Every structure is written in structure tokens, then in C-alpha cells.
Amino acid sequence: MASDTTTRPASPEQIKAVPVRHRGRWIAAAVIAVLIAMFVHMLLTNDVFQWGFMWDNMFTPAVLRGARTTLIMTVLAMVLGVLLGVVFAVMRLSPNPIVAGAAWAYIWFFRAIPRIVLLFFVANLGALYATYNLGFPFDQQLMNLFGFQGDLRFLGLDGNQIFAGFTAGLLGLALSEGAYMAEIVRAGIQSVDPGQAEAASALGMSRGTTMRRIVLPQAMRVIIPPTGNETIAMLKDTSLLIAVPVTSELNFQLRAIGSRTFQIIPMAVASILWYLALTSLLMVGQYFLEKRFSRGFGARETRAQRAAREAESVGSEH
Amino acid sequence: MTDVLETGARPPMVRAESVCKSFGHVDVLKGIDLEVAPREVMCVIGPSGSGKSTFLRCINHLEKINSGRLWVDGHLVGYREKAGKLYELKDKEVAAQRQDIGMVFQRFNLFPHMTALENVMEAPCRVKGVAKDAARERGAELLRRVGLGERMQSYPNQLSGGQQQRVAIARALAMEPKLMLFDEPTSALDPELVGEVLDVMRGLAESGMTMIVVTHEMGFAREVGDTLVFMDDGVVVEAGDPKQVLTDPQHERTRAFLSKVL
């Protein structure tokens, strides 16, 4: 360029101007500071909070077990929910109208039912049949048709056992979550440029490989942030397990201490602090997942990558 | 075996017989007859909406044709013919046919979540079951061939348009196709990046690859193309030697189009 060959004039002196005064910001900051001071003052002076009592009782073995149950339930319900969601999202996008319709009906049904209602219903499925059998559909009718007596069943499970406690809670939460996740996954899949699937099929990839290797990894970018939301919501919804009931769960345990000792507020605050802590933990996990799946998007070449490339090119020149 | 075309010693790589394609009520292709010999480079020009891209997409069955016949290397595309009856091929068989046909898109369509090298390795590994090490070696060789030996570990969004399109060409070549289809490969590029992509394509043509190139680059069509086809409104208006068609077009429509673009 021309400017490189000519000598540049000396750069003019730095601008020193009086900055604009932002009076509004100072007023807002003062108001907020006063409100915070009032809040802290209330926390410290109101005896009902019973901080010592709360601290002594929020880490009892029963509460710790409750936290563990809550976390395990959250993780399992989300894993099952995501798997169901992927299956129903792919079904929903199927060219076969029956398959797509079945997925639509599942999503319609389980999104419509409040979780607490669903949990209560699942917990009482034991009343519908005493035992639940796995076997050939319409086995007795078919056997009768051919003149035989008997059935074709392999596995019988006691209804009162499988639809109680932890499994009932997991089943209810996972089925409900699957419906929400199906919509999130579908949005993710549809956000991927159709040119991607086209390029993959032009290379001779099958539809399954294209979905698994090309479309879903890119859809993850869109899927993960709302899934993080769903996970946090799920953590909180484990407190609905009282409808089953699952009594080993965190909120139930903390409330039990509260009602036993009549220290309702301290244990309610303990509950708040526990959920805050667990949610923060999940947010850390989400951060790393998002980073993993944003490869090739957003930021251009990282400094480390450029350094590696330049080092490589220098090396190859010698 | 009537789905294998029986002709002379050198069967055409691509043969189209009155190929028609419509989207709903819109007829995009109205009977295309064409032949592309092995090692031939055919350039296709024409106004937008003339059906050039659609025809290219029919060749690897990204679009289903409504009537006519289309053969690649003697095999009917997308169908099997038995006793005068056509049977649709299964997804798997269509995928197998596509392995032999490389395609380069106007918008590159690189996989953004993979590095340049991974883009090139993906199909050989997943489709042909090539071992990772062999695919990596071959991929690196192909990327060096298109002049990107230094950028193998870069993600597509770290590359310029011209570089991305060269990766896309390497990715298609990794499947060792018999035929390469180029769908306006330089139309989405900044003008100063067009040359590097055309250079790679010129090298490919010199190596004997059979190519069909839908393009607006008349210079490339003249220098590299063996035949030039002018399409308009779903039909082939004129086909022949590029220099002849460009300098002395026989049809009024060709003349009108060339007067606008040259």
C-alpha cells in the first residue's frame, strides 16, 4: 500500500476530554445498596431464622442421603428423558405419517399432564393390574383361536413393587421429560442446514450415519442450552416426588426436620440453599458441555491453534 | 441385465435420455438428452432457473427424475430395470451409487464441527470402512494436493471461502469418484478467491477426471471444457465445442444470454 512507503506524520496528541457524568447510575447504585443493607439487616436481626439451628441440621446423614437421591434421580430421569426425546424427535420427523403421528400423540399427552398428577397416577398403577407380564401380544386370544389353553408370557412383575417408590418416580419424570426433550431435539435437528445432510448423502453416507455423525453433533449446539434449563427444572421437580411418595428425597427430609422441631423457616431456608448449591453445580457441567459442542462455531482460530499451525509451517520450511 | 447400458467400446460416463423433472406443477427439466464421455469436462451454462443445478442433482439422485432415463457409467441411476419394469433402489443401494460420484456445492457444505482433515476422512472411514491411519494419510495427501497442507487442523470457519471450497473438493476426491459434479463452485466466492479454486479444478481436469461443471466462469469453460452446454428453460439449447459456442453461437437464445454475461 502507498501509505507504507511514505513517511507518516507524527500522530496527534491523545484526546483528554471531561467524561459525561452518569448521575442516574449513581442514584440506582445507592438505592440498591440501601436495599441490600436492609435485607442483610433482616437476616441478621430476625431470631426466627435460627442460623445456628439451620446449620446444625442441614447436613444430617438423612439430608445428605436425600441430596444423593435427588441428584441420582435428576441424572437418571434426564438420561432417560434425553434418550426418549431423541427417539421421539426422530420419529416426529419421519416420512411415515403413522410413526410421526405416534410421536406427536406421545408429546401431546405427556406435555399436557402436570408432573405431580402423572407421578400420582404412575404410583398407583399397581391398582390396575396386580402383576405386569412381558410376553406375546394377545397371547391368550391367539392360543384360544388355535384351540390351546395357556399363554406366552416370560416375565411377571408385581405391580405394587414396580410402581412404587424410586422406580415409579423415575418412570413418571422420565416419560414427562421425554416429551419436552423431543421438542427440543426436534428444534435442534431442524436448525441444522439441510445442505449438511445433502453433502453427507452425496458422499454416500446412510441416513443413520448422517444423523449420528453430521446432524446430531451440530444440533447439540442448539439442544444443550435448553437441556440445561430442563436439568435444572428436573432437579427442582424431584421435590414433586412427594406425590409417589419417595420420602428419601432432599426436600422431604429437610421439611421433616422442620415440622418435627417446629423450625419451619430455618429448614425452608436450608432447602433454598441446598437447591441453590446443586443448581450451581449443574451450571458448571453445562458450561463444559457447551464448550465441547461449540467446536468449529463462534470464535475463529484460537491463539493456541494459530501458534501450533505457525510452528508447523516454520518446521516444514526447513 | 437391461439396467446396464450396452454400447460400443467406450461407454459414456453419463448418459441422459429425455430426462424430465418437475416440482409440483413447475417443469424444471423438459427432456434433457446428453452424453458425457469418460475424461471429458463438460461445462453447463445458462440463466438462473434454467435447470442446470437440478440436472446436476438428478445425476446423483439427490432429485428423482419424473421421466426419461439417466445412466452413470452404464448403470441406471436410482432404479433397476427388470423385464421392462422399473424398481426403485433401496436407500443403501442409492448410497452405494453415490460413492462413485463426487459433488461440490455452491455453498461448500463442509461439516463445521470437524477440522479440514476430519472432513476429508469422514466418508472413507464411515462409508468405506477405511482404517483411520490410512484415511488420515490419504486425506493429508489430498489436502496438500489442493494446496492446504498447512491448514489441515483448521475448522471450516477459520478458512476463507476459497480454502473451504478446496477442502470440499478434497473431501469429494477422498471417495475416489469416477465422476465429479460441480454446482456453481465459485459463485459464492469473493472475486479474488475464484482463481485458486479454478486452478484446482483445472489440475483435476488435466489428471483425467470426468467432470460436469455448472458455472458462470466463461474463461474456465473456454480453456478447460471439452464441451459447452447452454441450457435455458429446462432444455439444452446448444451444445458443442466451447470456443465455437462462445464465439459463434447458433441460437438466438444463446446469443442473447452471452451478450449479457460476456
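In what follows, chains are A, B, ... by sequence order, proteins preceding strands, each numbered from 1. Values in this document were obtained by computation on a predicted structure and should not be read as measured data.
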Would you find more than 12 non-hydrogen atoms of other residues, nucleotides or ligands less than 6.0 Å from [X] atom [atom1]?
X      : atom1 : answer
B:E93  : CD    : yes
A:I98  : CD1   : no
B:R202 : CZ    : yes
B:F23  : CZ    : yes

Heavy-atom distance under 4.5 Å to chain A: side chain of B:R57, backbone, both or neither? side chain
Given that the side chain runs from C-beta out, which part of B:P156 has a heavy atom under 4.5 Å from chain A: side chain, backbone, both or neither? neither
So, applying side-chain contact (heavy atoms from CB on, under 4.5 Å) with B:H113, which one of A:Q218, A:M220, A:R221 is it? A:Q218
What parts of residues 196-210 of chain A touch chain B if we use heavy atoms and a cut-off under 4.5 Å? A:Q196, A:E198, A:A199, A:A200, A:S201, A:A202, A:L203, A:G204, A:M205, A:R207, A:T209
Chain B-proximal positions within residues 169-193 of chain A [heavy-atom distance under 4.5 Å]: A:D193
Only pairs of heavy atoms separated by less than 4.5 Å count here; which of [options] has the most with chain A?
options                       : result
B:K92, B:M114, B:R171, B:R107 : B:R171
B:K128, B:M175, B:E122        : B:E122
B:D91, B:V127, B:L181, B:N60  : B:V127

Residue by residue, which of residues 94-106 of chain B have a heavy atom closer than 4.5 Å to a heavy atom belonging to chain A? B:A95, B:R98, B:Q99, B:I101, B:M103, B:F105
Taking side-chain hydrogen bond (donor to acceptor under 3.5 Å, both in side chains) as the test, write out the residues that go with B:S22, two or more places apart. B:N66
